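Shown next, in structure tokens, is the structure this report addresses.
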Amino acid sequence: MNPAFFDRRAVDVARDLIGAGLDMAGAGGVIVETEAYEPDDPASHSFRGPSARNAVMFGPAGHAYVYRSYGIHWCLNFVCKPGSAVLIRALHPIRGLEEMERRRGLADPVLLCSGPGRLCQALGITIEHNGLPLFEPPFALSPPEAEPIVVTGRRIGISKVVDLPWRFGLSGSVHISRKFTGKGGLAPQDAAPGS
DNA sequence: TTTGTGATGCACT
DNA sequence: GTGCATCACAAAA
């Protein structure tokens with residue numbers, strides 16, 4: 001997991017991030033759900049060009065783009081090629097469980113990191129992390145240990161270009177934010193044993 | 001199980 | 001003023 005890994009199309013990076021490890025200061029787990037946002041993508045924050053909020057998306061690849069969602073939550077993205085990024089939507093929590101449970105105020109492992117807002121709350125990610133490189137603390141990324149079975153589907157919560165299959169998930173994982181129906185995507189979500 | 005809604009900040013028209 | 005890359009909880013079915 002080096003700068004070159006991120007300096008590609010967000011769609012490719014998003015797919016390859018499934019199964020990768022993500023930790024923040026010792027708390028985290030395995031990435032099980034992502035979404036890709038491209039420069040010419042009306043659903044992307046970068047679509048209308050650089051602004052104060054999305055400036056990081058136009059900076060170097062391999063940095064964190066954090067923004068406030070619905071005035072309440074934070075969402076974490078990994079910057080890829082200029083104007084593109086991958087939204088990290090869900091983790092399979094593994095390390096630092098007590099810390100994450102404390103931040104979330106609940107102990108259910110399924111609800112701990114299954115959503116972009118939940119994941120940021122569990123890992124303690126805020127706007128303070130916006131623009132930070134992913135190659136040094138508090139971030140710690142690690143490549144997938146085995147070749148994961150990846151399913152695709154429609155992105156969640158957007159109103160434009162809703163049909164693109166740019167959401168990726170680990171097949172069979174119970175830690176994803178919503179099921180992959182197979183409609184906009186392909187494989188059934190219960191194709192592999194749970195994770 | 002599905003649908004509805006309040007909370008709450010800020011970018012953009 | 002409008003619309004969000006969301007979440008939790010209530011109510012309906």
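Because the structure is predicted, anything quoted here is derived from the model rather than measured. Sequence lines set the chain letters: A, B, ... in the order given, protein chains first and strands last, and positions in each chain run from 1.
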> Once you round it to whole Å, what is the distance between C1' of dC4(C) and CZ of R155(A)?
Replying inline: 14 Å
> When the distance from CG of L76(A) to P of dC7(C) is rounded to whole Å, what number comes out?
Replying inline: 13 Å
> Taking atom types as modelled, is there a side-chain donor on S177(A) or R89(A) under 3.5 Å from an acceptor on the other?
Replying inline: yes
> Expressed in angstrom and rounded to an integer, what is the separation of N130(A) atom CG from dG9(B) atom C1'?
Replying inline: 15 Å
> Could you state the CG-P distance from L106(A) to dA8(C), rounded to the nearest angstrom?
Replying inline: 7 Å
> When the distance from CZ of F47(A) to P of dC12(B) is rounded to whole Å, what number comes out?
Replying inline: 13 Å
>> Here's a test for you: under ring pair (Phe, Tyr, Trp, His ring centres under 6.0 Å), which of Y67(A), F58(A), Y37(A) qualifies with H45(A)?
In response: Y67(A)
>> Need one value for R104(A): base, sugar-phosphate or nothing, where a base atom within 4.0 Å counts as base even if backbone is also close, heavy atoms only.
In response: sugar-phosphate
> Considering only dC7(C), dT13(B), dA7(B), which nucleotide approaches the side chain of I72(A) most closely?
Replying inline: dA7(B)
> The side chain of H73(A) lies closest to which of these nucleotides: dT6(C), dA5(C), dA8(C)?
Replying inline: dT6(C)
> Any side-chain donor paired with an acceptor under 3.5 Å for R103(A) and Q121(A)?
Replying inline: no
> For the side chain of H45(A), counting heavy atoms from C-beta on, which of dC7(C), dA5(C), dA8(C) is nearest?
Replying inline: dA5(C)
>> Classify I158(A) by what it touches in the nucleic acid, base, sugar-phosphate, or nothing, heavy-atom distance under 4.0 Å.
In response: sugar-phosphate
> Does L119(A) or S159(A) map to a spot on DNA chain C nearer the 5' end, using the closest nucleotide for each?
Replying inline: S159(A)
>> Using a heavy-atom cut-off of 4.0 Å across all strands, would you classify S177(A) as base, sugar-phosphate, or nothing?
In response: nothing
> Checking all strands, does G117(A) fall into the base, sugar-phosphate, or nothing category for heavy-atom contacts under 4.0 angstrom?
Replying inline: sugar-phosphate
> Does S69(A) have a side-chain nitrogen or oxygen under 4.0 Å from the phosphate oxygens OP1 or OP2 of dC7(C)?
Replying inline: no
>> So does E33(A) get a backbone contact from the side chain of R167(A), meaning a donor-acceptor N/O pair under 3.5 Å?
In response: no
> Ring centres of F78(A) and F6(A) under 6.0 Å apart?
Replying inline: yes
> Can you check the K160(A) NZ to dC4(C) P distance for me, whole Å?
Replying inline: 6 Å
> When the distance from CG of D108(A) to P of dA8(C) is rounded to whole Å, what number comes out?
Replying inline: 10 Å
> R68(A) near the nucleic acid: base, sugar-phosphate alone, or nothing, with a heavy-atom cut-off under 4.0 Å?
Replying inline: sugar-phosphate
>> Keeping E35(A) on the side-chain end and I156(A) on the backbone end, is there a donor-acceptor pair under 3.5 Å?
In response: yes
> With both distances under 3.5 angstrom, what nucleotide forms a Watson-Crick or G-U wobble pair with dA5(C)?
Replying inline: none
> Within less than 4.0 Å of OP1 or OP2 of dC12(B), is there a side-chain N or O belonging to R53(A)?
Replying inline: no
>> Please report the distance, rounded to the nearest Å, between CG in N54(A) and P in dA5(C).
In response: 12 Å
> With centres under 5.5 Å and planes under 30° as the test, does Y70(A) stack with dA7(B)?
Replying inline: no
